[in-house]
Amino acid sequence: MHDHDVIIIGSGIAGGILGSILARNGADVLILDGAQHPRFAVGESTVPHLLARLNGLSVRYDVPEISHLQDIRTLTKEIGTSHGVKKHFGFQIHSEGAEPDFRQSVQAAIPKTLYRAGHLFRQDTDAYLFQVAVRYGATARQGFRVADVEIDDDGVTVIGQTGERLRGRYLVDAGGFRSVLADKLGLREQPTHVKHHSRSLFTHMIDVKRYDDVVDTPRRYQPPAPWYQGTMHHVFDRGWFWVIPFNNHKDSTNNLISVGLTLDERVYPKPRDKTAEQEFFEFVAKFPAVARQFEGARAAREWVSTDRMQYSSTRSTGARWCLMSHAAGFIDPLWSRGISNTVEVIDALAWRVLEALKTDDFTEERFEYVSKLERGLLDYNDDLTNCSLISFANFRLWDAIFRIWGFSSNYGAMRLTRAELQYDLTKDDQVFRDLEKAENTGFWWPDEPEMKRIWDLMVETCLKAEAGAMGYDEAADILHRELAASDLPPAALGYKDPDNQWINPSVLDLARFLRWSIKNGRPTVHDLASGLLRASLRKGIRRQKVV
Ligand SMILES: Cc1cc2nc3c(=O)[nH]c(=O)nc-3n(C[C@H](O)[C@H](O)[C@H](O)COP(=O)(O)OP(=O)(O)OC[C@H]3O[C@@H](n4cnc5c(N)ncnc54)[C@H](O)[C@@H]3O)c2cc1C
């Protein structure tokens with residue numbers, strides 16, 4: 001006898017989205033959480049890949065509420081006025097004791113025509129999604145801490161701290177880092193195979209100044225979007241700060257700013273004789289412009305100071321169970337990949353669970369792809385983050401990595417948006433299933449070998465530079481030569497100009513990019529652009545007919 005079809009441990013963003021999707025599509029879902037909403041969660045910065053996936057999930061599984069998270073206007077209107085606006089993803093390099101060099105900053109501005117992104121105030125987004133799941137029929141138990149789980153051939157049993165036993169047909173552990181299921185099945189890799197090393201200190205603060213107000217930036221070096229209206233990273237050798245404001249647009253009623261410091265813990269071991277706050281401000285004081293930004297800033301909640309953050313699992317699915325992305329592994333907040341990876345895993349998992357419920361087939365093979373995807377997402381993020389931390393010592397090397405991230409991410413998001421538009425027109429789920437057929441599972445542009453070649457070169461070159469087998473300038477030269485020679489980085493978006501610091505395409509630049517892609521792009525680029533354009537036009541025509 002089963003009490004429920006699917007039991008989800010954790011009602012965070014993962015539990016809320018997955019619970020909504022499964023309940024909306026007819027499954028009997030139970031969501032358990034040891035805590036109560038609203039509760040603090042970190043993970044506030046969004047990236048285009050996530051925004052595209054949220055739209056895709058929303059149409060594919062018919063849960064329109066999910067897409068409210070991808071636009072600051074719907075975040076504000078539907079969820080509340082506590083979220084920040086995100087007009088860019090920006091980085092400024094700093095050296096100890098020195099004023100920043102304005103030439104050593106880069107920014108990927110987010111074109112308004114494509115996205116109007118937000119900084120997610122997670123206690124509100126997570127509570128909202130949890131309620132959406134309950135509205136679609138999920139059963140909720142808050143204040144229910146899971147102490148143990150048992151998996152057998154006929155189902156799963158979840159045991160609460162009071163000894164209460166609940167029985168389901170399938171189990172998803174979306175409990176995050178301290179996963180009961182990972183512990184129970186001994187899934188944690190000890191030690192983890194990932195390359196990157198970092199630890200973090202973070203909190204929410206009040207009275208953090210706008211960076212734009214504490215630096216006297218010459219006109220020609222002013223970024224396209226004000227620093228305070230996006231996700232700001234202050235970067236230095238083997239470390240970086242994040243500043244993610246929620247108070248940065250006129251409709252916000254939230255005074256808080258998410259701040260954090262991430263450090264390579266091999267270079268900066270965690271001190272045992274200082275508080276997190278003391279350590280944070282010691283680092284702040286090293287960089288004059290950062291010190292001015294944080295002058296008078298105060299924490300609005302207790303600090304969190306982690307040990308090494310990286311962890312991974314030998315596998316993340318089995319017969320009748322799945323470890324959700326954050327329960328399976330984590331790399332680093334640098335590229336804001338946490339929620340993006342989470343929704344990618346949800347997309348791959350949800351239709352499989354729904355089919356398994358219908359056929360009563362929960363064999364391991366059915367979910368194998370989800371495990372492969374989770375591992376791929378983790379490992380490509382590890383590549384990127386590890387290369388980034390290596391490169392922070394040399395602006396040109398860092399700039400090359402920023403560009404490689406930028407255009408691989410642009411093409412990856414196009415691929416997802418094309419699928420979403422095509423699905424919207426055809427309602428054929430095969431459109432999404434075909435996305436899974438690409439060779440490099442977990443890579444953001446998984447079906448273009450040239451992109452993978454450049455990526456692998458990036459990894460190899462950075463590792464050589466780190467090992468002392470080549471100089472950092474030489475490493476930067478190799479990657480910039482590659483960017484100049486390859487036909488993948490779109491010139492119209494600014495990737496080909498070595499002196500360009502800002503990726504900030506206008507509507508005209510985007511049109512030029514599409515035209516170039518269709519006329520001159522290699523086959524994958526041509527297909528992406530023409531498919532996207534065709535689907536957009538057809539959708540536009542259909543909308544006009546309806547009106
Ligand atoms: C320092 C830091 C910064 C980050 N920044 C970003 C970012 O900017 N952008 C981004 O995309 N991602 C970021 N991430 C990653 C992001 O935080 C996660 O991907 C995301 O929060 C995962 O959501 P989740 O719902 O899976 O887990 P969580 O949000 O951790 O939710 C887990 C839930 O499970 C419950 N739970 C746990 N154990 C039990 C149990 N035994 N019984 C019952 N309930 C239980 C908890 O109470 C909690 O409510 C960051 C991560 C860190 C560590």
Side-chain angles (χ1 to χ4, degrees), residues 7-19 30-47 49-51 53-54 69 84 86 89 117-123 125-127 129-130 133 140-149 158-161 166 172-184 198-203 231-233 240-244 258-263 303-311 322-346 374 377-378 381 385:
I7 301 181
I8 301 176
I9 302 174
S11 67
I13 200 161
I17 293 180
L18 182 65
L30 171 67
I31 306 179
L32 304 169
D33 203 301
Q36 307 262 358
H37 283 289
R39 77 342 166 209
F40 172 79
V42 75
E44 299 128 335
S45 159
T46 57
V47 283
H49 209 77
L50 165 67
L51 308 176
R53 271 281 174 198
L54 289 170
L69 268 68
K86 171 164 183 154
F89 208 57
H119 291 148
L120 309 179
F121 192 56
R122 286 282 304 276
Q123 68 176 52
T125 51
D126 294 12
L129 290 163
F130 170 67
R141 296 278 302 269
Q142 298 194 69
F144 186 105
R145 183 147 295 279
V146 176
D148 197 7
V149 291
V158 170
I159 302 149
Q161 271 182 332
L166 298 162
V172 179
D173 189 338
F177 163 60
R178 287 188 189 82
S179 158
V180 181
L181 184 60
D183 277 356
K184 174 77 181 206
S198 67
R199 65 184 177 92
S200 207
L201 321 164
F202 54 90
T203 189
T231 308
M232 175 78 198
H233 304 76
W240 59 282
F241 298 89
W242 76 76
V243 183
I244 304 180
S258 171
V259 302
L261 169 64
T262 303
L263 299 162
W303 283 85
V304 178
S305 173
T306 72
D307 291 305
R308 186 184 178 198
M309 284 186 288
Q310 294 68 46
Y311 57 94
C322 173
L323 287 184
M324 192 33 68
S325 175
H326 199 62
F330 184 67
I331 299 295
D332 191 282
L334 182 64
W335 290 102
S336 304
R337 288 280 299 257
I339 312 175
S340 172
N341 288 359
T342 298
V343 296
E344 252 186 90
V345 170
I346 289 177
E374 193 281 326
L377 291 166
L378 191 83
N381 190 19
T385 312

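This chain uses plain numbering: 1 for the first residue, then up along the sequence. If you're wondering where the values come from, they're calculated on a predicted model, not measured in any experiment. Both counts, for ligands and for their atoms, begin at 1 and track the order of listing.
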Report the member of [options] with the shortest heavy-atom distance to [atom].
atom: atom 28 (P) of ligand 1; options: Arg39, His37, Gln142, Met309; value: Arg39
atom: atom 41 (N) of ligand 1; options: Val146, Ile17, Val343, Asp332; value: Val146
atom: atom 1 (C) of ligand 1; options: Phe144, Trp335, Phe202; value: Phe202

Min N/O separation [X] to ligand 1 under 3.5 Å:
X: Ile244; value: no
X: Ser340; value: no
X: Ile9; value: no

Between [Y] and [X], is there a side-chain donor-acceptor contact under 3.5 Å, judged purely by atom types and distance?
X: Ser11; Y: His37; value: yes
X: Asp173; Y: Ser179; value: yes
X: Asp332; Y: Thr385; value: no

Identify, by atom number and element, the atoms of ligand 1 in contact range of [X], meaning under 4.0 Å from any of its heavy atoms.
X: Arg145; value: 38 (N), 39 (C), 40 (C), 41 (N), 42 (N), 43 (C)
X: Trp242; value: 1 (C)
X: Ile339; value: 10 (C), 11 (O), 12 (N), 19 (O)
X: Ala174; value: 32 (C), 33 (C), 34 (O)
X: Val42; value: 2 (C), 3 (C), 16 (C), 17 (O), 21 (O), 51 (C), 52 (C)
X: Gly12; value: 25 (O), 31 (O)
X: Ser45; value: 7 (C), 8 (O), 9 (N), 10 (C), 11 (O)

Closest contact, heavy atoms only, Thr262 versus Ser200: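 Where Thr262 meets Ser200 most closely, the heavy atoms are OG1-OG, 3.1 Å.
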Flag side-chain contact, heavy atom, 4.5 Å: Ile7 against Val146: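 Not in contact.
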Test item: Ile17 and Met324 side chains (from C-beta on) under 4.5 Å apart, heavy atoms: no
Identify the closest protein heavy atom to [atom]: which residue and atom is it, and at what distance?
atom: atom 26 (O) of ligand 1; answer: Ala14 CB, 3.4 Å
atom: atom 47 (O) of ligand 1; answer: Asp33 OD1, 2.7 Å
atom: atom 51 (C) of ligand 1; answer: Phe330 CZ, 3.3 Å
atom: atom 34 (O) of ligand 1; answer: Gly10 CA, 3.2 Å
atom: atom 14 (N) of ligand 1; answer: Gly43 CA, 3.7 Å
atom: atom 18 (C) of ligand 1; answer: His326 ND1, 3.6 Å
atom: atom 37 (C) of ligand 1; answer: Gly175 O, 3.1 Å
atom: atom 20 (C) of ligand 1; answer: Arg122 NH1, 3.7 Å

First locate atom [atom1] of [X], then atom [atom2] of [Y], and finally report the distance between them rounded to the nearest 0.5 Å.
X: Thr231; Y: Phe89; atom1: OG1; atom2: CZ; result: 6.0 Å
X: Arg145; Y: Ile159; atom1: CZ; atom2: CD1; result: 15.5 Å
X: Leu263; Y: Arg308; atom1: CG; atom2: CZ; result: 14.0 Å
X: Glu44; Y: Gln123; atom1: CD; atom2: CD; result: 10.0 Å

Parallel, tilted or perpendicular: ring planes of Trp242 versus Trp240, cut at 30 and 60 degrees: tilted
Pairing residues for Phe177 by the side chain to side chain contact (heavy atoms under 4.5 Å, CB included) criterion, not counting sequence neighbours: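 Residues passing side chain to side chain contact (heavy atoms under 4.5 Å, CB included) with Phe177: Tyr311.
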Sidechain-backbone polar pair: Gln310 side chain, Ile331 backbone, donor-acceptor under 3.5 Å: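 The answer is yes, because a donor-acceptor pair under 3.5 Å joins these two groups.
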Residues which pass ring pair (Phe, Tyr, Trp, His ring centres under 6.0 Å) with Phe144, listed by chain and number, not counting sequence neighbours: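 With neighbours one apart ignored, the set is empty.
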Contact partition for Glu44 relative to ligand 1, non-hydrogen atoms under 4.0 Å: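 Backbone only; the side chain of Glu44 stays clear of ligand 1.
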Region of Val180 engaging ligand 1 - heavy atom pairs below 4.0 Å: side chain
